[in-house]
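Given the structure is predicted, the values throughout are model-derived calculations rather than measurements. Proteins get letters first, then strands, A, B, ... in listed order; numbering begins at 1 in each.
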Amino acid sequence: MVANKTAERPLTAKPVVSERASSGTGNLALDARDVHVFYGDFEAVKGISLPVHEKEITALIGPSGCGKSTLLRCFNRMNDVVSGVRIEGQILYKGQDIYASQVDPVAVRRRIGMVFQKANPFPKSIYKNVAWGAKINGFKGDMDALVEKSLRQAALWDEVKDKLHQSGLSLSGGQQQRLCIARTLAIEPDVILMDEPASALDPIATSKIEELMLELKENYTIVVVTHNMQQAARVSDRTALLWLGELVEYNDTQTIFTNPSQQKTEDYITGRHG
Amino acid sequence: MIPETNTNFNPRLAARQRLGNIWQGVFLSSTIIALIFLIVLMLNIINSAFGLVVLENSIAPSELSEQPLESLDKAALVDILIDNISRNAGRKLERDQRFFADSLAFEGQDKWDEVCLRDEPPSGCSGAARSTSDVLVLVYERVVEQQVIETYPLWQSLTQGNEIRAQVAEEFPTATVEFWSWLDRNFITSPMSSDASLAGVRTAILGSLWVIVLTIIIAFPIGVGAAIYLQEYATDSVLSRIIQTNIDNLAGVPSILYGMLGLAIFARTLGYFTSGQFLGVGAENGRTIISAALTMSLLILPLIIINAQEALRAVPNSLRNAAYGVGATRWQMIWSHVLPYAMPGILTGTILAVSRAIGETAPLLVVGAATFLTSDPTGLFSKFTVMPIQIFNWTSRPQAEFRNIAAAAILVLLIILLTLNTTAVLLRNRFSSRR
Ligand SMILES: Nc1ncnc2c1ncn2[C@@H]1O[C@H](COP(=O)(O)OP(=O)(O)OP(=O)(O)O)[C@@H](O)[C@H]1O
Ligand SMILES: [Mg+2]
C-alpha cells in the first residue's frame, strides 16, 4: 500500500503551495521570497518562498536539521550575527524588504520578536529579564505593570511573583522558557517567532503555552517551529513542511493533516519518516 | 566482583584502574613538588628576615645616663648630644630643625638671627622643634652609634642561640646580642639609607604604588577596549588575524625589550613631556614615574588583551542572541550582558598581568629607576624607585645586613601583592555573584 502511494506521487516534486496558502484572505505579515541561506558553502535553506499571514499561527515542521530554525532566524535577521552566513532572496515585512540596505536590523528585531529553541534568560533577576528589552526600547509606561502583564501572559506570574528579584537562572528549564516568552511579549512586537517553545515543557505547561498562543493570535502574528505534530495540528492555522532545506508543502493545517497532496507530507505526519 | 559474561569484550578493568591510579599519583606528586618549592622559597625568605644580631655601641647607653635613655626628657637628651658631638655637627642639626622652640642649644642667638635673615634661611628658622623621640633617635645615631657587626639567620638563631651568645661574649666582650625582626614599622616608614639597620622601603613602596596604579589606569581600559573591539566588532579578515598573531607574540617578548622601548620613546623622545617640563615642573629628564607606568602598560597590555579576549570568548552566544532578540543594539548587548558576564574573567587576567608588573625589575632599570633615592615620589613627574629594584640593589651589596633587609623587603612585596590580589578577587567575586 505504502509502496503504491510512493509510486503514484514522486518524492522530488516541486513544492506544493496551495493557492489559498499563498494568497489567502488576510494581509501578509511576512513574505519570504526565494530565500537561500548558506553557512559557508553549505546551503541550509534552498530557495524557500513562504507567505506568513497576519494574526495567524504558522507552523514550520520537518525533520531535525532541515533548516526550520535557520529559516525562522531569517525572519528577524538573527542570522546576521552568525559569522559566515550568506542570505539571498527577499523577506517582505509590511511590504518592505527587511534585507534592504537602509533597514536597521535592530528595528526589525524590535518589531519581530523571537523565542529561542534553548531557553536563554539573561543572568539577571526575573524582573530585569522582562524589563530590560522594554527599557532599552524606550518603554514609557508603568514598568511594574508591564512586567506583571507579560509574566501573566506567559503563565509564569503565579510561580514567580514572590521572587521577582531572584536570578532568572534559578528557575527550572520550563519556567526559563516561559520567562523568555514573557521577555519577548514585554517589547510588544508585531510578530513573534517561536523556535520549539514547548520542547522543554511538561504537558500542563505546554497546554498553557498553546492557550497563550491562541490568545496572542488576536493581536500578534506567530510563526512557530515544532516537532510535535499534535501541537501543530492543534494551534496552527497553516503548516509548512520543510525537508533538507526545501519547502515540501505549505497549506492550511486542516488540509496538511487530513489531505496532504505530497507523499512525503503524509509519511512525515504519520510518522513513517523523520 | 562482577564477572564479564560477554565474550566480545575484554574490559581488563584492573589494568585500567591501575593506569588511572598511576596518573593520579603523578598529578599528586606534581602538586607536592610545586608546594615544596613554594615552602622552601618562603622559609628561605623568613630565615633571612628574622634572627639574632650582634650589636656594638661606640658608647654604651649606661655610660651616658644612669636611667635608660628612653625615660629621659628632651633637655637631658640634648645635653647628652652637647657633650658628645662636635659643635659644628650640632649647629648643622639645629639649622635643619631646632631642638627647642624657645631657646637654642648649639648656636648663639646673634649668629642665629643673622643666619635666619639671609636670603635663603635654613629650614630650622621656620619649622617646628624636634620631638623627644626624634632627639632620642639622634642620640642613638650620633652618640651611641649602634653598629651591627654580625647577623645570624632565623634557623641558626633558634637552634644555636646559646652557642652564638657564648661565642659572641668571648669574641666581642662589649657587644650585645639581640633578636631582631628586620621587618618592623620603622622598616616600612623609613626612607632609603646607606646604613642597613636604618634603611627602609617607604620610598620604594610609594614608587611601586604610583607606578602600579598608573599602569592599571592606563592599561586596563585600553586593553579591555582593544579586546572588545577584536572580539565583538572586528570581522575575521587577514588584517585582524595579523593583528591577533602580533598581540599573541608580543606577550612573549622579553621584558627587557620593553624597557629599551620605554627608554627610547617615553624617557628620551617624549622626555619633554614625561619629565613634566612642558608644564614647567618636574624632573630634569624623562626618567620619571609616568615613563615607568607607560612602559609597564606596554608590557602588560598584550596580557590584558589576550586574557580579556579569552573571557569574552567564553560568553555564550545564546546570551548575545537573547539580547539581540529583544531589539538591543550591539553596544547595549555588550555593555549590559557580555561585559558583566566576562568581567570576572577579565579581572582575573588583569590581576595576573598586574602581579607580573609589580614584580618586574629589568624594564624599569633600563627606563631609569633610581637605585638610591631618599625622597618620596610626589607626582607623575617624580624620579622613582620600586620595590623589586630596591631588593635587587640590596641583594647585590657585599654587607650581610643588606641581605636581611632584602628579605624583609621581599616579605613586604609579597604582602602588597597578596593584598592587591585579595582585593581583586573580592571584586571579582562580587561580579560573579551578581550573575
Ligand atoms: N551556525 C551554523 N553553522 C553551520 N551550519 C549550520 C549552522 N546552524 C545550522 N547549520 C546547519 O544548517 C542545517 C539546518 O539547521 P537548523 O538549525 O536550521 O535545523 P532545524 O531544522 O532547526 O533542526 P532541529 O529541529 O534539530 O532544531 C543543519 O544541517 C545544520 O547543520
Ligand atoms: Mg532548530
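Open room surrounds NZ on A:Lys118; 12 or fewer heavy atoms of other groups in view lie less than 6.0 Å from it. Applying the 6.0 Å contact sphere to NZ of A:Lys217 captures more than 12 heavy atoms from other residues, nucleotides or ligands. Applying the 6.0 Å contact sphere to CE of B:Met260 captures no more than 12 heavy atoms from other residues, nucleotides or ligands. Other residues, nucleotides and ligands place no more than 12 heavy atoms under 6.0 Å from the CG atom of A:Asp41. Environment of CZ in B:Phe37: sparse, with no more than 12 heavy atoms of neighbouring residues, nucleotides or ligands closer than 6.0 Å.
Contacts of residues 64-75 of chain A with chain B at a heavy-atom distance below 4.5 Å are absent; not one residue qualifies. Scanning residues 90-114 of chain A against chain B with a 4.5 Å non-hydrogen threshold yields A:Val106, A:Arg109, A:Arg110, A:Gly113, A:Met114, sorted by number. For residues 297-331 of chain B, a heavy-atom distance under 4.5 Å to chain A picks out B:Ser318, B:Leu319, B:Asn321, B:Ala322, B:Ala323, B:Tyr324, B:Gly325, B:Val326, B:Gly327, B:Ala328, B:Thr329, given by residue number.
For A:Ile187, the part lying under 4.5 angstrom from a heavy atom of chain B is the side chain only. A:Phe116 touches chain B through its side chain: at least one heavy atom from C-beta onward sits under 4.5 Å away, while N, CA, C and O do not. For B:Ser336, the parts sitting under 4.5 Å from any heavy atom of chain A are the backbone and the side chain alike.
Distance check, rounded to the nearest 0.5 Å: NE2 of B:His337 to CH2 of A:Trp132 gives 3.5 Å.
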For a quick test of your reading: what N or O donor-acceptor pairs under 3.5 Å do the side chains of residues 4-11 of chain B make, sequence neighbours left out?
from, atom 1, to, atom 2, distance (Å)
B:Glu4, OE2, B:Asn6, N, 3.4
B:Asn6, OD1, B:Asn8, N, 2.8

